[in-house]
Chemist: 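What follows is a single structure, and I will ask about it in a moment.
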2 protein chains.
Amino acid sequence: MTPSPASDKRQHVVETAYALFKRAGFHSTGIDRIIAEADVAKMTMYRHFPSKDELIVEVLDYRARRFDDQLDRLAREGTTPEQKIAKIFDWHGRWFRRPDFHGCLFAHALAEFGDPQHPVFKAVARQKNSLRQRLQSILEQMMPRGRAESAATTLLMLIEGATLMAHMGQGDTAIRDARKAALDIIAASRGPQ
Amino acid sequence: MTPSPASDKRQHVVETAYALFKRAGFHSTGIDRIIAEADVAKMTMYRHFPSKDELIVEVLDYRARRFDDQLDRLAREGTTPEQKIAKIFDWHGRWFRRPDFHGCLFAHALAEFGDPQHPVFKAVARQKNSLRQRLQSILEQMMPRGRAESAATTLLMLIEGATLMAHMGQGDTAIRDARKAALDIIAASRGPQ
DNA sequence: AGGTGATGAGACAGGTCTGTCTCACAGTGC
DNA sequence: GCACTGTGAGACAGACCTGTCTCATCACCT
């Protein structure tokens, strides 16, 4: 028994599935395709994940962790709250420009698993709420809690909308306008009552 | 031969497919399910639509037409440009509250058909660009074209983001904040340079 | 009445899907 | 040497998918 290589295999399956789901969607990507690309036996996959749905949840959670790590690193670079927000928008702008950008995996998961009771739906909600909470925490350094809550929701909507437009090939325009709008919103929220 | 009833059948298939796609997604909804729900023969469906993909495009175009009609009617009610914009946001707020709301069918289609060459992808792009153009036309009554272009993109992003949040059960908060942000953006765009 | 063309119902083909099962093999402790 | 345990490879089951085909039926026109 070698637990460490076993975990390596498991992680390898997750990352391979992630790449395939991102490109072709969840329902369109079959198990056979995943194990062929990952070069593992079918039983190996089913020993690690009881079903395809559980694998999807695992992929989403993995992606959410990586996303959080990247934004954590970014947050340490920014000094002022405005800078931190701006850096998050810039990060999205760079993401949109990547050749392997295919839209937001979480938004796609929401489209394919629309039932709120479904574990995949819940994984999506976790990620979006986490991003919303991150934005709110930053904004609370600039404005009272109530306003930060509204502003965080607005910024999240701008980001999600920009991601959708980027998927349609208008990422540059979208992120520029979203960034500018975000600063307007912050100014309006912290300025007059 | 009765051409009128035939068209009725065709339209009935489109509407039935629309309801099913909205609830369960595109890949998850089989042809068998559609014809059973619509109570037509399989050959009837394939005589009207050469393939499932073509049916999907037809459904999206049908939905886009209906959406445009509703916003046209709304636009005639509003008097000032601000009112017209506000009415569009209000319409979305009412949509989010409907019990049969399941998110944006076009966003879902984008998630399942991510290839820009695919006819379904193109149908989605048509609808989003149409909404963006509608917003821009209204905004151009208040501000120069360049600014109206940016503001229209921003408003579209707010609407798309709000729709995604509404799908996650936060429609009320989302539309309220989006509406407020939209007015802020408009004020900032028409005010100082 | 008889011919014609559109339609409904469902069998069918060929492929793909998820998930299970069997069997061979490799490493480990005794 | 030998039992034991975890793993790889792939056959298999059973369901579902899209799209085609056959055949009976029915309205309409002459």
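Reminder, nothing fancy here: chain letters follow the sequence lines and each chain counts from 1.
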Chemist: Do A:Gln170 and A:Asp177 get their side chains close enough for a donor-acceptor pair, meaning under 3.5 Å?
Modeler: no
Chemist: Just checking, is any N or O donor in the side chain of B:His118 or B:Asp53 under 3.5 Å from an acceptor N or O on the other one?
Modeler: yes
Chemist: With no hydrogens and no angle check, is any side-chain donor or acceptor of B:Thr154 less than 3.5 Å from a backbone partner on B:Ser150?
Modeler: yes
Chemist: Once each nucleotide of nucleotides 15-21 of chain C is scored for protein heavy atoms under 4.0 Å, what B/S/- sequence comes out, 5' to 3'?
Modeler: ---BBBB
Chemist: Whole angstroms only, please: what is the CZ-C1' distance between B:Arg10 and C:dT7?
Modeler: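 Atom-to-atom, B:Arg10 to C:dT7, this comes out as 16 Å.
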Chemist: In whole angstrom, give the distance that lies between atom CZ of A:Arg47 and atom P of D:dG8.
Modeler: 6 Å
Chemist: Between A:Arg66 and A:Gln70, do the side chains contain an N or O donor and an N or O acceptor separated by less than 3.5 Å?
Modeler: no
Chemist: Could you state the CE-C1' distance from B:Met45 to C:dA6, rounded to the nearest angstrom?
Modeler: 17 Å
Chemist: Can you label the angle between the B:Phe26 ring and the B:Phe21 ring as parallel, tilted or perpendicular, going by 30° and 60°?
Modeler: tilted
Chemist: How many Å lie between CG on B:Leu55 and P on D:dC17, as a whole number?
Modeler: 15 Å
Chemist: Picking from A:Gln141, A:Arg190, A:Lys87, what satisfies side-chain hydrogen bond (donor to acceptor under 3.5 Å, both in side chains) with A:Glu82?
Modeler: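 Only one of A:Gln141, A:Arg190, A:Lys87 forms a side-chain hydrogen bond (donor to acceptor under 3.5 Å, both in side chains) with A:Glu82, namely A:Arg190.
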Chemist: Could you state the atom-to-atom distance from CD1 of B:Ile35 to P of C:dG10 in whole Å?
Modeler: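 In whole Å, C:dG10 P and B:Ile35 CD1 are 10 Å from each other.
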Chemist: In whole Å, what is the span from the NE2 atom of A:His12 to the P atom of D:dG8?
Modeler: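 Distance check: A:His12 NE2 to D:dG8 P gives 11 Å.
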